[in-house]
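Working notes for the structure below.
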Amino acid sequence: MPFSDRLLMGPGPSNPYPEVTAAFTRPLLGHLDGEFIALLDETCDRLRAVFRTDNALTFPISGTGSAGMEAAFVNTVGEGDTVVVGVNGVFGKRMCDVAARCGATVVPVHERWGLPIDPQRLLDAHPNPTVIAVVHAETSTGIRNDIVELGAAKGDALLLVDCVTSLAGIDLRLDEWGIDIAYSGTQKCLGAPPGLAPLSVSPRALERLLKEPRSWYFDLQMLANYVTGNVARAYHHTAPIAMVFALHAGLGVVLDEGLEATQARHQHCGDLLQAGLLERGYDLIAPSANRLPQLTSVRVPESRLPNGYTEAEVRAELLNRYSIEIGGGLGDLAGVCWRIGCMGHSARTRNVTMLLGALDELLL
Ligand code: PLP
């Protein structure tokens with residue numbers, strides 16, 4: 001089968017930046033080679049810049065975004081701990097599952113999928129939770145959940161935030177907002193392939209890490225000896241070298257463009273796409289005040305599907321005829337919405353124009 005040249009405008013992965021593709025295929029180094037360690041250190045510095053944090057423990061976990069989620073929970077909660085979790089989409093739900101598997105008591109705060117969670121409801125949900133957890137950018141609905149109020153009023157709780165789809169795409173300030181643990185993924189607004197989960201832990205959270213987390217691989221204290229600080233680099237596991245090259249390059253592209261300029265590009269493309277969809281009479285799921293630019297959820301226009309086509313067949317046609325991938329709905333929104341990503345290298349005005357043109361041709 002020939003290599004395809006897809007335009008990836010789904011909920012992820014986005015198309016990698018060309019610099020990332022080049023870095024991914026460069027000759028390998030050994031994982032304890034000084035040259036690799038220097039590149040890993042620089043990658044961690046670059047992550048601090050995009051997370052806007054001084055946290056010493058900031059590094060990419062080996063594994064996809066969900067590995068970041070596991071690492072965040074398994075090191076902070078166990079039996080006897082209470083975790084308040086905001087649930088307005090698939091990934092809030094996943095956080096509940098992960099926290100429960102760590103043995104914690106989970107207090108979910110549900111909101112209708114497609115609406116943001118009122119931060120006050122999370123703050124009021126329990127008098128003294130160990131952790132308050134929320135997804136910043138809910139990829140399953142296109143909603144931004146507000147974080148600032150949580151950091152300001154979290155009290156003794158640790159604030160744990162899923163930044164998989166927000167990092168580098170929209171404003172995110174770990175230190176200023178009082179976020180204690182954040183994790184992300186490489187395949188969204190960082191414009192790298194999936195495979196690493198950037199993670200950052202505040203000094204406050206570091207003091208409270210469990211001594212013996214129920215995971216060997218994700219034990220942050222063991223990992224810290226390998227990936228950060230001045231201690232001798234002890235072998236922990238073989239880092240996915242090529243992925244670190246790719247992440248390093250993706251972060252380089254973002255920082256060369258400028259973090260604010262990268263975020264502005266995402267905003268501009270999201271605005272353009274959403275205005276184009278609204279002009280054509282499509283219905284957007286997320287309310288404008290909390291609508292993500294990098295992930296637009298649009299109600300499936302049932303009355304405009306070509307004769308006899310299901311929504312899935314329209315997406316397949318978009319892929320086969322135009323080589324453009326968009327995503328279907330998940331969970332409560334399966335079959336109800338399409339999810340269109342404008343992330344990383346895919347966040348370009350010409351891609352928006354191409355997609356809108358293709359929809360004009362395909363739909364009634
Ligand atoms: N959290 C959010 C908000 C996501 O969008 C995703 C993936 O799309 C994940 C977590 C899980 O990440 P991964 O699929 O890379 O494991």
Side-chain angles (χ1 to χ4, degrees), residues 8-16 20 47 51 60-74 83 85-99 101 108 111 113-114 116-117 131 133-147 160-170 172 179 181-200 215 217-218 240 243-244 246-247 250 266 270 285-286 290-297 325-334 337-344 346-347:
L8 300 178
M9 295 189 76
S14 60
N15 288 100
V20 167
L47 281 176
F51 270 128
I61 293 267
S62 301
T64 62
S66 306
M69 190 188 290
E70 294 254 13
F73 282 105
V74 81
V83 184
V85 185
V87 185
N88 57 347
V90 167
F91 298 103
K93 227 171 135 196
R94 186 174 298 182
M95 278 181 156
C96 293
D97 290 346
V98 172
R101 285 180 187 215
E111 183 48 273
W113 290 31
I117 301 172
V131 165
V134 72
V135 179
H136 189 201
E138 212 355 305
T139 329
S140 61
T141 63
I143 280 285
R144 188 196 73 246
N145 285 312
D146 293 322
I147 307 296
L160 190 163
V161 181
D162 175 317
C163 305
V164 170
T165 294
S166 62
L167 185 64
I170 53 172
L172 170 67
I179 297 173
I181 306 184
Y183 59 86
S184 188
T186 39
Q187 72 269 30
K188 312 274 189 187
C189 303
L190 295 176
L196 290 173
L199 179 111
S200 188
S215 167
Y217 193 71
F218 293 134
M243 266 312 302
V244 177
L247 173 59
H266 282 82
I285 303 274
N290 286 68
R291 196 178 283 156
L292 292 172
Q294 67 273 48
L295 195 287
T296 299
S297 53
E325 184 202 64
I326 64 168
L330 278 182
D332 288 8
L333 295 177
C337 79
W338 288 333
R339 292 177 304 142
I340 305 173
C342 277
M343 303 177 195
S346 303

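As the structure lists them, so they are numbered: ligands from 1, and atoms in each ligand from 1.
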query = Who passes side chain to side chain contact (heavy atoms under 4.5 Å, CB included) against Ala197, sequence neighbours left out?
reply = Ile61

remark   = Paired with Gln294, the side chain to side chain contact (heavy atoms under 4.5 Å, CB included) test is passed by just one of Ile340, Thr139, Thr165, namely Thr165

key: Residues in side chain to side chain contact (heavy atoms under 4.5 Å, CB included) contact with Ala182, at least two apart in sequence or another chain   = Phe51, Cys163, Leu174, Ile179

request  = With sequence neighbours left out, write down each residue that passes side chain to side chain contact (heavy atoms under 4.5 Å, CB included) with Pro240, or none if nothing qualifies.
outcome  = Ser62, Leu196, Met243

Whether Arg339 side chain and Gly328 backbone form a donor-acceptor pair below 3.5 Å = yes

key: Atom-level proximity to ligand 1, residues with heavy atom under 4.0 Å   = Thr64, Gly65, Ser66, Phe91, Arg94, Val135, Ala137, Thr139, Asp162, Val164, Thr165, Gln187, Lys188

query = Can you find a heavy atom in the side chain of Trp113 that is under 4.5 Å from one in the side chain of Val90?
reply = yes

